[in-house]
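Okay, structure first, notes after.
Keep in mind it's a predicted model, so treat the numbers as computed, not measured.
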Amino acid sequence: MSQIRLPLVSTEFLTNHIVAESLLIEDNKCNKIVMEALIYQLTTVIQLHEKCQTESKHRNESFHVFLVGAIRDDERRTKECQVYDISKNKLFFISSGGLNSGVCLKTAECYDPASRRWSYIAPMNNARHGFGICTYNDLIYVVGGYQTFTVESYNPSTNKWHLCQAISGTNEGLNRATVAENSIYSLAQVTNRNNALRRFDSRDGRWYNLNEMPGIPDP
């Protein structure tokens with residue numbers, strides 16, 4: 001019996017013929033081999049079931065893109081908010097939040113998808129608008145903005161903002177931020193004709209100047 005690979009035989013053959021054989025069940029060593037084969041096949045079935053459940057769960061997950069505030073074609077500002085469901089290819093409205101007034105503000109809000117409501121969180125240390133924003137290591141970073149070079153990080157677990165090293169120079173216009181590997185990259189308009197690219201390394205908390213890019217010339 002030790003030379004027969006019982007775990008590899010079909011479950012139907014194992015239960016209908018092997019388990020029913022009295023000679024095998026009455027012998028302790030043979031019975032142990034049969035039990036090990038049954039346990040192996042049962043474990044395999046459970047693992048396949050769990051794998052199918054996990055794959056099914058992933059297929060049913062929804063991915064959303066939040067569109068918050070804007071400037072209309074007629075240059076009117078709006079704080080309307082919409083959500084785009086990528087998996088269903090649908091766009092729908094949610095409750096309005098924020099204030100797209102075009103002036104620098106310290107206020108900040110958080111949207112809860114469960115309650116479908118916006119609520120105020122702790123205000124920033126510095127007022128800003130047109131700033132860059134991104135998330136890294138469970139923190140939210142706001143970078144620069146119109147005529148400001150300050151940088152802050154927000155910790156949702158403590159509801160507190162912390163000042164980071166400011167970017168060098170000043171910004172005349174908008175700022176955009178994104179994360180790549182272990183760094184935050186900031187693209188800012190430093191003059192009406194030049195943009196500056198900078199890199200923030202959160203491990204040492206410092207900004208590094210990379211290069212300048214030509215901006216869009218005046219018509």
Side-chain angles (χ1 to χ4, degrees), residues 61-71 77-86 92-191 195-213:
E61 284 183 348
S62 297
F63 297 91
H64 300 88
V65 177
F66 286 77
L67 310 173
V68 182
I71 298 179
R77 299 179 183 275
T78 175
K79 59 178 182 179
E80 291 179 348
C81 302
Q82 302 179 61
V83 174
Y84 175 63
D85 189 328
I86 297 177
F92 55 92
F93 283 91
I94 59 175
S95 58
S96 298
L99 179 61
N100 196 350
S101 62
V103 298
C104 294
L105 297 172
K106 292 184 178 181
T107 56
E109 294 181 59
C110 173
Y111 180 75
D112 184 355
S115 64
R116 298 181 180 180
R117 293 182 178 179
W118 290 91
S119 58
Y120 283 98
I121 59 176
M124 295 178 288
N125 293 287
N126 296 283
R128 65 186 77 237
H129 86 87
F131 54 90
I133 184 171
C134 62
T135 60
Y136 179 68
N137 280 349
D138 298 325
L139 298 177
I140 300 174
Y141 287 83
V142 291
V143 182
Y146 180 68
Q147 293 187 341
T148 181
F149 51 87
T150 60
V151 180
E152 303 180 44
S153 65
Y154 174 75
N155 189 334
S157 62
T158 60
N159 189 31
K160 290 183 178 180
W161 291 91
H162 300 277
L163 291 173
C164 305
Q165 184 189 50
I167 53 181
S168 60
T170 59
N171 295 328
E172 294 293 335
L174 303 179
N175 188 298
R176 293 295 179 262
T178 190
V179 175
E181 297 182 348
N182 293 317
S183 299
I184 295 174
Y185 290 84
S186 166
L187 180 62
Q189 182 182 11
V190 293
T191 67
N195 301 318
L197 181 63
R198 305 177 177 97
R199 181 179 69 87
F200 178 75
D201 192 328
S202 63
R203 294 169 295 186
D204 60 14
R206 297 181 57 188
W207 284 95
Y208 297 88
N209 293 326
L210 299 181
N211 54 36
E212 288 194 358
M213 301 171 59

Could you tell me if the side chain of Tyr111 sits less than 4.5 Å from the side chain of Val68, heavy atoms only? no
Looking at side-chain heavy atoms only, is the closest gap between Val142 and Asn126 below 4.5 Å? no
For Ala108 against Ala122, the heavy-atom pair lying closest together: CB-O, 4.2 Å
As an exercise, state the distance from CE of Met124 to CZ of Phe131, rounded to the nearest 0.5 Å. 5.0 Å
Of the non-hydrogen atoms in Asp201 and Asp204, which two are nearest, and what is the gap between them? O-OD1, 2.9 Å
Spacing of OH belonging to Tyr141 relative to CD belonging to Glu152, to within rounding of 0.5 Å: 12.0 Å
I need the Thr148 OG1 to His129 NE2 distance, nearest 0.5 Å. 10.5 Å
All heavy atoms of Ile121 vs all of Glu109, minimum pair found to be CG1-N, 4.2 Å
Atom CG in Leu67, atom OH in Tyr84: separation rounded to 0.5 Å? 10.0 Å
Exam field: side chain Arg206 to backbone Gln165, donor-acceptor pair closer than 3.5 Å: no
Under the 3.5 angstrom rule, does the side chain of Arg198 hit a backbone N or O of Ala188 as a donor-acceptor pair? no
Could you check whether any side-chain heavy atom of Ile94 comes within less than 4.5 Å of a side-chain heavy atom of Phe92, counting everything from C-beta outward? yes
Any side-chain donor-acceptor pair under 3.5 Å between Asn175 and Tyr146? no
Closest non-hydrogen contact found for Cys81 with Ser95 is CB-O, 3.7 Å
Just how far is it from atom OG of Ser96 to atom CD of Gln82, taken to the nearest 0.5 Å? 10.0 Å
Using 30° and 60° as the class boundaries, would you call the ring planes of Trp207 and Phe200 parallel, tilted or perpendicular? tilted
Is Ser202 reaching over with its side chain to a backbone N or O of Ile184, donor-acceptor style, under 3.5 angstrom? no
Minimum heavy-atom separation for Asn125 and His162, please, with both atom names. ND2-N, 4.3 Å
For Ala180 and Tyr185 the tightest heavy-atom approach is CB-CE1, 3.7 Å
Do Asn137 side-chain atoms and Leu139 backbone N/O form a donor-acceptor pair below 3.5 Å? no
Using a 4.5 Å cut-off on heavy atoms from C-beta on, say whether the side chain of Tyr154 contacts that of Asn159. yes
Please tell me if the side chains of Val179 and Thr135 come closer than 4.5 Å, counting only heavy atoms from C-beta onward. no
Exceeds 12 heavy-atom contacts within 6.0 angstrom, atom CG of Asp112: yes
Exercise: do Ser183 and Arg199 side chains pair donor with acceptor under 3.5 Å: yes
To the nearest 0.5 Å, how far apart are CD1 in Ile140 and CG in Asn155? 9.0 Å
